[in-house]
Engineer: 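This is the structure, below, for whatever I ask next.
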Amino acid sequence: MVDYILLKNQKINIMKLLKYTPLILFFIVSIFLYNKIKFQKELEPISSALIQKNFPKLEMYSFKNNQNINEYIENRPVVINIFASWCAPCRIEHEVLTNFSKDYEIVGIAYKDSEENIKKFLKELGNPYKNIFYDFSGKESIHLGLYGVPETFFVNKENKVIYKHVGPINNEDFQNIAPMIFK
Amino acid sequence: MLSELAHIFLIISFLLFFLQLVISVDYNTLSFRYSLFEPIKRLTFFSFILIVFSFSILILNYVQSDFSILNVYNNSHTNKPLIYKISGSWGNHEGSLLMWLSILSIYGLVFLSLIKKVPKEFSFKVLVTLAIVNLGFIGFTIFTSNPFLRTFPVPDEGLGLNPVLQDPGLAFHPPLLYLGYVGLTIPFSYSIAALLQGKVSASWAKLVRPWILTSWIFLTLGITLGSWWAYYELGWGGWWFWDPVENVSLLPWLLTTALLHSVRVTEKRDRLKSWTILLCILSFSLTLLGTFIVRSGLLTSVHAFASDPARGIFILSFLVIITAGSLLLYAIKLDKLEDKKNIYLASREGGLLLNNIFLCASASTILLGTLWPLIIEAVSGNDISVGAPYFKIVFLPLILPAVFLSGISINLNWKKTNIEHIYEKFWKFVVVLIFIISIYYLIYGGPLIIILGVSASIWLFISIVSDILNKLNDKSTYSTIKLNKLNKIRLSSYGMYLAHLGVGILILGISLSEGMKTYYEGVNEIKSEIRVSDYTIKFNNIEKQKKENWISETGVFLVKSKDNAFEMKAERRLYLDTGMPSTEAAIKRNLASHLYIVMGQEQPTGSGYRVIRIYYNPNILFIWLGAVIMALGGLLSLLDGRLHSLKKSKN
Amino acid sequence: MKIFIKILIIFQLLIPNFSLCNNNLLQEKKMRELAAELRCVVCQNQSLLESDSEIAKDLKELILTMYLEGKSKDDIKSFLVDRYGEFILFKPKLNKSNLILWLAPILSLFIIGLLAYRNLSIKKRRN
């Protein structure tokens, strides 16, 4: 008899809860919306799939002494900037790179470009790069998850990708991010 | 000077609505001060008028190209044709918000003009609800999105408008859509008022239905126009991309469709009251959610306005207060509403209920899919995306049963139907249909979507004809059809038939065009030939042109088919004032099908080779035709109500 | 008999060319199918197939190459996801965390149906 009454009360309670279902579901949704709005970084580029992973093996070589890029960056913290002479935003960010070239080792990847054009480009705007590696076809850069140029990778001594910046980088961002490669 | 006045108008209306809320309710006893009905009516009227004036002044600023107003400077240009100057006023965040408010005011004014038909205590509560909603939107405008900010020194020329928005389709798309969204505020207010009264009646349903119908018609037209415009203007070859903002406009439409059917049940059979109330609340909430998502930059989309987290927080708070408040009220008052009357599955109300369940399930699925990236990001920090392939897979299995059910429900009577009678009529059709489908499949082995879609449309067509024949039948002898009974069928029934006919045509268009479309993409040089479907297309040459505010390259294509030869021109334009490109696809119509050519960039640069995309979309026009017919059906139903009440008042 | 065998051998030599031509078209078709399921990383609401952008073209070429090398659809998807993240997939993966998403239609029907059944007195047949 007691069991029956208990069961009946449970049933009534479930019924009572049911009418609050829309309200409860809505609260859950609003929490997610609030969370996104609060921690939303302004139109931030999509986080790279390579963060915290090793910098991939690339078939890119420098003209200086035909050195492979992975060999070169081994055991040193570097800032790797993918650029091209035909890319307008690259011109804009070049100044930023030049500013920081004394304090940080900046390495360039020339994307779908020729040595001649790169030389002209650097002659005109200055050369912040300690070394430049070439990806003539653009296919190797796909291993970096490239969207377009310019992009800048921040890699630490252990060869791990700390951060990827899509689009031209400004002084402020460079200043904030670059020190992380020394950690 | 005038603009400062417009701004002050907004502030005054805000204060007036606030005042209204203060005096309407005795907060000690939580009772309404009905004695203040007349003055509150006047306050409301005055506020609505002020808002409409305010918006008119904004439009005037655009027409006069007054660049001292920051909003006009950001979004207009003296070279724009007049119609685009005007439509530019709502082609941005602040202006469109003011348009939202104006449309709300117009709806409010219409409500005020019809207020005598509604019991006084009820309309009092409606006015209180409207005041709360208005307070939120006006507050949002004056605190975060003031369209009347000045800029100094006054620029000579504006920054121009996105060329993509300079199109007649897009000039009308926001107003139509807003007329739909904003219109849902009235059913929402009616629901809140009914909940506060603690009573929902069939006469309440009768009063609210025309408002729901009106919103539904505008939503249908607005979404259709948007889809048509995207197809015509964007050059992507598609008409629906399951983009978050598109989804967020589809959600209120789905729920309003469900609501339309549910309120009919309440009107005719005094049932599904709690369901109707809940749908009124949810459809309005989804409208607010949509506004939030579009204006806060929360989700990646082609529709993004300039995003601003401060605005996001404001709308979110408003959304939460309104929705949580209404749902709480709903939960509290729920028990008082439902009479627990029986609903028989084998009846029109049963069929409509089942149909509603599928419509609501499809809406909740799309909502989940749209918000899923947000949820996953919050829970695990991953960035994933949910796109068209997902939505297509989950939406179809939910909407097809709904269509199937609507076919049956058309033939069911209210209260109860002799289910055996229905079985008898329909099993013959079902067998024939399955037979035809099997033969088709054996011969063509065609895509599933055609089979499903065509069957669904035929099913609807048969159902409609069957019900008409049934009504025309002489009850004594089932063989004679009395054509003179045609005018005995009510206009609202014709409206219903027409609307469902529209659905059938829409589905036919979708399944045929998706199932039978052909697509070519490649990099071509001049004088090369491409074959698509029955057409031979020769990429003949490129014409270059320069006008005052744009330069263009037009690809000229010579097209030959079996019995026809013609020229098609696909253009790529670059607007000089904004530096933004736009493509104009070349579209050639053949009956209801389209040959669609887009010319892309030079690939690689300087080579003379161009990216060419060609689509052949058979029977695609049925999609938009079907949607417009749906809206027409709704209009007929709406007219029936008006004519009926006119007749009544004459007698 | 010998002549017959010779003819057969010559015929065999011809066939691989024929199948290679067909194979190219087939792989292109597979590439298009996959490209429609992938998001263009630059113009974010277009599929890779529809997109005009530079990187989209490179990726499509890469996918075709991988198909011609005999890689499977899943191989190629994993390859791209490793480099671009799951964001590139239009269709979310079918894994534990996305299970609710894929079950959403059935779950919605069930929950809404249940709510309707509990709150309304639905009867099957009139007595």
Side-chain angles (χ1 to χ4, degrees), chain A residues 11-53 84-89 92 111-114 117 135-139 145 147-149 161 163-167, chain B residues 274 277-279 281-282 285-286 289 292-293 296-300 304 306-317 319-335 337-338 360 364 367-368 370-379 381-385 604-606:
Chain A
K11 197 177 183 194
I12 296 173
N13 283 336
I14 295 176
M15 287 295 284
K16 281 216 169 132
L17 255 171
L18 271 178
K19 30 179 202 183
Y20 288 96
T21 318
L23 186 61
I24 296 172
L25 285 174
F26 175 69
F27 266 134
I28 298 176
V29 169
S30 356
I31 293 174
F32 283 113
L33 292 175
Y34 177 70
N35 178 70
K36 171 82 177 186
I37 262 273
K38 196 74 192 293
F39 302 115
Q40 177 194 28
K41 309 139 215 169
E42 296 248 348
L43 283 180
E44 155 144 322
I46 304 115
S47 62
S48 168
L50 294 173
I51 303 275
Q52 290 304 320
K53 294 217 193 102
S85 62
W86 46 262
C87 149
I92 302 174
Y111 179 77
K112 289 191 177 179
D113 216 342
S114 68
N117 286 337
D135 181 3
F136 293 109
S137 63
K139 292 207 169 46
Y147 299 148
V149 280
V161 176
Y163 193 84
K164 171 186 172 180
H165 189 279
V166 173
Chain B
S274 54
I277 297 279
L278 188 59
L279 281 177
I281 297 176
L282 288 178
S285 309
L286 281 178
L289 180 69
F292 169 65
I293 287 181
S296 61
L298 216 56
L299 298 165
T300 42
S307 69
D308 181 356
R311 289 173 177 167
I313 298 270
F314 197 109
I315 314 184
L316 184 59
S317 321
L319 168 66
V320 169
I321 294 173
I322 295 269
T323 311
S326 337
L327 288 177
L328 188 63
L329 184 64
Y330 170 78
I332 294 173
K333 297 277 185 169
L334 186 59
D335 294 325
L337 291 181
E338 205 67 47
C360 292
S364 65
L367 180 62
L368 188 66
T370 308
L371 294 178
W372 193 249
L374 234 77
I375 297 174
I376 289 286
E377 193 186 328
V379 166
N382 284 335
D383 264 316
I384 70 161
S385 81
T605 327

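A note on names: the letters A, B, ... follow the listed sequences, proteins ahead of strands, and every chain is numbered from 1. On a predicted model such as this, the values are computed, not experimentally measured, just so you know.
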Engineer: Is it the side chain or the backbone of B:Leu316 that comes within 4.5 Å of chain A heavy atoms, both, or neither?
Structural biologist: side chain

Engineer: Would you call B:Phe292 and A:Leu33 a side-chain contact if the rule is heavy atoms closer than 4.5 Å?
Structural biologist: yes

Engineer: Taking atom CG of B:Leu289 and atom OG of A:Ser30, what is their separation to the nearest 0.5 Å?
Structural biologist: 9.5 Å

Engineer: More than 12 heavy atoms of other residues, nucleotides or ligands under 6.0 Å from CZ of A:Phe27: yes or no?
Structural biologist: no

Engineer: Which atoms of B:Leu282 are under 4.5 Å from chain A, going by heavy atoms: the side chain, the backbone, both sets, or neither?
Structural biologist: neither

Engineer: Quick one: pull up CZ in A:Phe32 and CD1 in B:Ile375 and give me the separation to the nearest 0.5 Å.
Structural biologist: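 That separation rounds to 5.0 Å.
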
Engineer: Within the 4.5 Å heavy-atom criterion, are A:Tyr20 and B:Leu327 side-chain neighbours or not?
Structural biologist: no

Engineer: Are any non-hydrogen side-chain atoms of B:Leu319 and A:Phe26 less than 4.5 angstrom apart?
Structural biologist: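 Yes, close enough: below the 4.5 Å cut-off.
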
